[in-house]
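Structure, as structure tokens:
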Amino acid sequence: MATKACVAGESSLAVVKSPFFTTLLGELRNYIWRLAVIADLPVPVSNTGLTEPGLLATCHIIRKEAGCIYYAENDFDLLCDCYDSTAFMLIISKWEHFNAVGRLYEGTGLNISVSHIPSWTNLMIWLKRVYAWLLPAPIMAEGMCTMPWAQVEVQLNWQRLTLVDLDKGWDDEVVRKA
């Protein structure tokens, strides 16, 4: 084990001492990173994750430098299947990690698609995340954050009756029995 730690330390030191990092200006490295990580099409994100460019897995320094560009300058297509907000949570955590979360508040770089398959359970989880300020609130949901969750849940359950009347798919009990 000592050998592996030593090798890892030596390789990390080699990266830091590499002329690529010691003599090449940051602006030129960023230009190279952009050529390598900026996608022509939006990057798909689902509740199972997203595929990052292999370059981000080479070393910590490259991950930090190129990852910031990848997450700040690419567009992302989120597929929230059955109102599952996991993909939304994933991209926000990546943006926070790479200091690109400002894009969320600018309203740029993110296209959200929700499948038309209803799931009351997933919608409630999504709204709980909004309520806990883990996800941004759509304008229509901002008022709910000032009420106790129990009151919000009662109002949502009343609205659910209308949804079930319009589309039986919103009744998770019916879906589970099928």
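Below, all heavy atoms of this structure are taken into account, side chains as well, without hydrogens, waters or symmetry copies.
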From Trp170 CH2 over to Trp120 CH2, what is the distance, rounded to the nearest 0.5 angstrom?
7.5 Å
Listed by chain and number, what are the side-chain contact (heavy atoms from CB on, under 4.5 Å) partners of Glu153, not counting sequence neighbours?
Met124, Trp149, Asn157
Same apolar cluster: Leu127 and Ile117, side chain cutoff 4.5 Å
no
Could you list the residues that satisfy side-chain hydrogen bond (donor to acceptor under 3.5 Å, both in side chains) with Trp33, not counting sequence neighbours?
Glu65
Would you say Trp126 and Cys80 make side-chain contact, with heavy atoms under 4.5 Å?
yes
Sorted by chain and residue number, the side-chain contact (heavy atoms from CB on, under 4.5 Å) partners of Ser46 (sequence neighbours excluded) come out as Thr48
With clusters defined by side-chain heavy atoms of hydrophobic residues (ILVMFWY) lying less than 4.5 Å apart, directly or transitively, does Ile92 cluster with Phe98?
yes
Can you find a heavy atom in the side chain of Ile91 that is under 4.5 Å from one in the side chain of Tyr71?
yes
Which pairs pass salt bridge (Lys or Arg N to Asp or Glu O under 4.0 Å) with one or both residues in residues 80-90, sequence neighbours excluded?
none
Non-hydrogen atoms of Cys82 and Ser119 that approach each other most closely:
O-CB, 3.3 Å
side-chain hydrogen bond (donor to acceptor under 3.5 Å, both in side chains): which pairs involve residues 88-99, sequence neighbours left out?
Glu52-Lys94
Please answer whether the main-chain N or O of Thr86 pairs with a side-chain N or O of Asn47 as donor and acceptor at a distance below 3.5 Å.
no
I need the Gln151 CD to Leu156 CG distance, nearest 0.5 Å.
11.0 Å
Qualifying residues under side-chain contact (heavy atoms from CB on, under 4.5 Å), relative to Asn111, sequence neighbours excluded
Pro42, Asp77
Can you name the side-chain contact (heavy atoms from CB on, under 4.5 Å) partners of Leu24, sequence neighbours left out?
Phe20, Leu28, Arg29, Ile32
Quick check on the hydrophobic clustering: are Leu90 and Leu79 connected, directly or via other members, by side-chain heavy-atom contacts under 4.5 Å?
no
Non-hydrogen side-chain atoms of Leu134 and Met89 separated by less than 4.5 Å
yes
Taking all atoms of both residues into account, what is the closest heavy-atom pair of Ser85 and Leu135, and its distance?
CB-CD1, 3.8 Å
Among residues at least two apart in sequence or on other chains, which ones pass salt bridge (charged side-chain N to carboxylate O under 4.0 Å, His left out) with Asp167?
none
Close side-chain approach of Leu110 to Asp75, heavy-atom, < 4.5 Å:
no
Between Val37 and Pro53, the two heavy atoms sitting closest are CG1-CG, 4.0 Å
Would you say Val114 and Val45 are hydrophobically clustered, going by side-chain heavy atoms of ILVMFWY under 4.5 Å?
yes
Relative to each other, are the rings of Phe76 and Tyr70 parallel, tilted or perpendicular (30° and 60° limits)?
perpendicular
Partner residues of Glu73 under the salt bridge (charged side-chain N to carboxylate O under 4.0 Å, His left out) criterion, sequence neighbours left out
Arg34
Do Ile69 and Tyr31 belong together in a cluster built from hydrophobic side chains that touch within less than 4.5 Å?
no
